[in-house]
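Here the structure is laid out as structure tokens; the discussion comes afterwards.
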2 protein chains.
Amino acid sequence: MLIGQLARQAGCEVETIRYYEHEGLLSAPERTAAGYRSYRSEHLGELNFILHCRSLDMSLAEVRILAGFRSDPQQDCAGINDLIDRHLETVHQQVESLQLLEQQLLALRERCPASRDAAHCGILRTLVDAAQGEACACHTPFGDGTRHGHTEST
Amino acid sequence: MLIGQLARQAGCEVETIRYYEHEGLLSAPERTAAGYRSYRSEHLGELNFILHCRSLDMSLAEVRILAGFRSDPQQDCAGINDLIDRHLETVHQQVESLQLLEQQLLALRERCPASRDAAHCGILRTLVDAAQGEACACHTPFGDGTRHGHTEST
DNA sequence: GTTTACCTTATAGTAACTTCAGGCTTGGCC
DNA sequence: GGCCAAGCCTGAAGTTACTATAAGGTAAAC
């Protein structure tokens, strides 16, 4: 199976496959006489594993760890649970952060229901005032007093 | 005011300020005899405007547009409304996508409440089976039949 | 024999910074 | 005056997970 066929079967781009191989996530296949990558079914399983993890928004670093467990199943799987728990926590924080953000944007949008000139635009005024340290429609009603309401988890 | 002071007042990193100047978002200040950047209060306002927009998760490209309206308030502000509306739509889709993802991860996490060896770990088994084309605990109950449930808006 | 589809590598670009390397300036202390 | 630490400077490279491009080789059909 050549790379194009593998890509079609897995539903990803050819370049992505080469990238995963380059990153050491996908094991390197044999080559044909012409130097073409020649895949077998276990490669499809490997690739699908990676793509499935990615569809759960795991980083390639996380996938790398899970792939380690996959290839060495003697290990204690507590590490898997931890990884999923941490990832879940990250995603949960992202959800909360984005929901707050959505409320902030809606509040901002309320400021300018009709189109006028920018000098009188409530949205822009709010943004400019906020930069001056004024209470802002977007952050004040929801924020907890910290300077910028929307924080990424690190 | 030197760059370190400006950074402390605005609550950002020195490098971020230099980056914004480099990107043409923040106007370049005067320099001292030694070549140090010397800021005045309008720079703080400018910087806070950028940081506030960024705290609303706007891209620098979006901030650039809003900064244009800010410096030229004669323009029709319909563009501002459009920008906020589009951004709101993007954020809303992100929220929905991440909420789905969270459900998927919770379903996956359910598979392995206790720690055993990876060979019998329900999470890993689910991930591996999914790669084989089996129905997976994470995607099946929520997915709509498409291969990978979590899609980014483009 | 040529067109078409497919494959190869290496390199650069994306977003929004962050980090690093290597070097100058300022201010305090002795 | 000498020394040191903190703070400033520039320019380049690193980060993530690809995506795109350039320039070219190969295989099969027509």
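Numbers restart at 1 for each chain; the letters A, B, ... are given by sequence-line order, proteins then strands. Heavy atoms only: backbone and side chains are in, while hydrogens, waters and symmetry mates are out.
Comparing atom distances between the A:Y19 side chain and each of D:dC8, D:dT19, C:dT9 picks out D:dT19 as nearest. Of the listed nucleotides (C:dT19, C:dC7, D:dC8), C:dC7 has the atom at the smallest distance from the side chain of A:V14. Taking only side-chain atoms of B:A34, from C-beta outward, the nucleotide of C:dT26, D:dT26, D:dT19 with the closest atom is C:dT26.
When each of B:H87, B:Q93, B:E89 is checked for a side chain to side chain contact (heavy atoms under 4.5 Å, CB included) with B:V91, only B:H87 meets the rule.
Along DNA chain D, the nucleotide closest to B:R8 and the one closest to B:R31 are compared, and the more 5′ of them pairs with B:R8. Sequence order on DNA chain D of the closest nucleotides to A:E15 and A:A33 puts A:E15 first from the 5' end. When the nearest nucleotides of DNA chain C are assigned to B:Y36 and B:S59 by heavy-atom distance, the more 5′-ward of the two goes with B:S59.
OP1 and OP2 of C:dT9 both lie 4.0 Å or more from every side-chain N or O belonging to A:R18. Distances shorter than 4.0 Å separate none of the side-chain N or O atoms of A:Y20 from OP1 or OP2 on D:dA17. For B:R54 and C:dC17, the shortest distance from a side-chain N or O to OP1 or OP2 is below 4.0 Å. Taking side-chain N and O atoms only, A:T16 has a distance below 4.0 Å to OP1 or OP2 of D:dT19. At the phosphate of C:dT8, OP1 or OP2 sits under 4.0 Å from a side-chain N or O atom of A:R37.
Around the CD atom of A:E23, the shell of radius 6.0 Å holds more than 12 heavy atoms that belong to other residues, nucleotides or ligands.
Between A:E62 and A:R86, no side-chain nitrogen of the basic residue sits less than 4.0 Å from a carboxylate oxygen of the acidic one, so the salt-bridge criterion is not met.
Nucleotide C:dA16 holds its C1' atom 16 Å from the CD atom of B:E21, rounded to whole Å.
Figure legend: cation-pi geometry between B:R70 and B:F49, with NZ or CZ positioned under 6.0 Å from the six-membered ring centre and within 45° of its axis.
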